[in-house]
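None of these values were measured; they are calculated from a predicted model.
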2 protein chains.
Amino acid sequence: MQQLANAAAKTNEEAALSDRVHAAVTELIKSQQLHGGDIIVESRLADILGVSRTPLREALQKLEGEGLVVKNGRSFVVRAVGLAEYLQSLKVREVLEGEAAALSAGRVPPAAIKRVRENIDALLAAPVYLPEAHWQSDDEVHSLVCDYAGNPVLAEMIRHLRMVTRLYETLNLADRLIPDATEHLEIIEALESGEAKLARQKAQAHMRSLYKASI
Amino acid sequence: MQQLANAAAKTNEEAALSDRVHAAVTELIKSQQLHGGDIIVESRLADILGVSRTPLREALQKLEGEGLVVKNGRSFVVRAVGLAEYLQSLKVREVLEGEAAALSAGRVPPAAIKRVRENIDALLAAPVYLPEAHWQSDDEVHSLVCDYAGNPVLAEMIRHLRMVTRLYETLNLADRLIPDATEHLEIIEALESGEAKLARQKAQAHMRSLYKASI
DNA sequence: CGCATACACTTTGCATGCGAACAAGGGCGG
DNA sequence: CCGCCCTTGTTCGCATGCAAAGTGTATGCG
């Protein structure tokens, strides 16, 4: 349980305690130190994070609104995403990220493209596999697709869906390194070329690839 | 301010106080007794609802997670949806509801279709215009599209987007009665026929119609 | 020996209280 | 007369305390 305290300490800026707790718990869930289905005992988690129950409860309520935790009877449990929901989310992402890619095609600054490409190359060249680096590269690519589509609402939806898919824990990430990198590079190339139809197609193909790998 | 207390009283089942408050405030926002941009004074609203600040704050945090209120500095304000965001949401809905309609085509039980059709007819035949009835019919039609698509994640996204578009207050609903009813009937007919492409097209056309009416 | 009841403990729900940040208004000095 | 600072009131952030609901265990009775 000591790692939990560390994760909390990582978020020690000058801000409202309640918000820091929210960020800390979010991180605990994303990093799967709290995994799906875990029931949350308020006083225990509050102690670990070094705060009283009030700000923790507020953070949990907010997380419930965001869909990261759910109330089961009287207590909060970390949301568990099963295969069915994961696949459904991928279907929706196929539609949305396809659209976003089409909208972004030709609008991404060359500098951003260059940076993301280099990170993918570095990831492929890395001597040992680091899940964190994989996630980060993934974030970069999909952010590229979202952020230049000129539709913040669309971007926000995609971000939320990506969060959900990330909660699906069974996925074996390491196996996805090569396919992800390959498909990401294709998406980036399409974005660069400015061909909207191609970008849409590549983004959708990426989602379908993930889908097939998970059945 | 007395109406506010009434809205609260409407939600007086046997449940956790915090959840009742959440439902009450949601209703206050949807019914625009609290409108976008209003700053929320915790103690005042808590008094009106007849609870202490703690459950109210928890409800507000949850609403923040859901995106119905936002924190501005130290206090909560009701989220204001502007024209830009409204139009962006419609664009996303065009994609998602199109997809949902295509998926639902031919899968909606005849009884459900019949019920919704009758309500549209009743709405058109009503001697006076009732916004509530208009909203309810709208809900029914779009729920038809969502609920039979076999993808709860997709349905949930659409529901959330519809919430956002509903917060856009400038829209003059009465002017939309005829076009909405007409387009809704076309969507329903397409769903009934089982032609996925047609259903997608009709749903998208409905969104584009809303879009054009708002520019 | 099995079952039911009561008791103790854990955990949550909510209210209240206090300290601190922020806003406003008035008084004082320039 | 204008501007600055200080004072006062309001509102928020958080901790704590208490009551109620739930859970598990042990004990007594059938």
Contacts of Ala133(B) meeting side chain to side chain contact (heavy atoms under 4.5 Å, CB included) (sequence neighbours excluded), chain-then-number -> Leu123(B), Leu130(B)
Sorted by chain and residue number, the ring pair (Phe, Tyr, Trp, His ring centres under 6.0 Å) partners of His184(B) (sequence neighbours excluded) come out as His142(B), His206(B)
What residue pairs, at least two apart or across chains, pass ring-ring contact (aromatic ring centres under 6.0 Å, His included) with a residue in residues 67-89 of chain A? Tyr86(A)-Tyr168(A)
Roughly, in whole Å, what's the span from CG in Asp47(B) to P in dT11(D)? 11 Å
Residues forming a side chain to side chain donor-acceptor pair (under 3.5 Å) with Asp38(A), sequence neighbours excluded: His35(A)
Base, backbone or nothing for each nucleotide of nucleotides 12-24 of chain C, written B, S, -, heavy atoms under 4.0 angstrom, 5' to 3'? BBSBBB---B---
Rounded to whole Å, the CG-C1' distance (Leu49(A) to dA15(D)) equals 16 Å
What residue pairs, at least two apart or across chains, pass ring-ring contact (aromatic ring centres under 6.0 Å, His included) with a residue in residues 97-123 of chain B? none
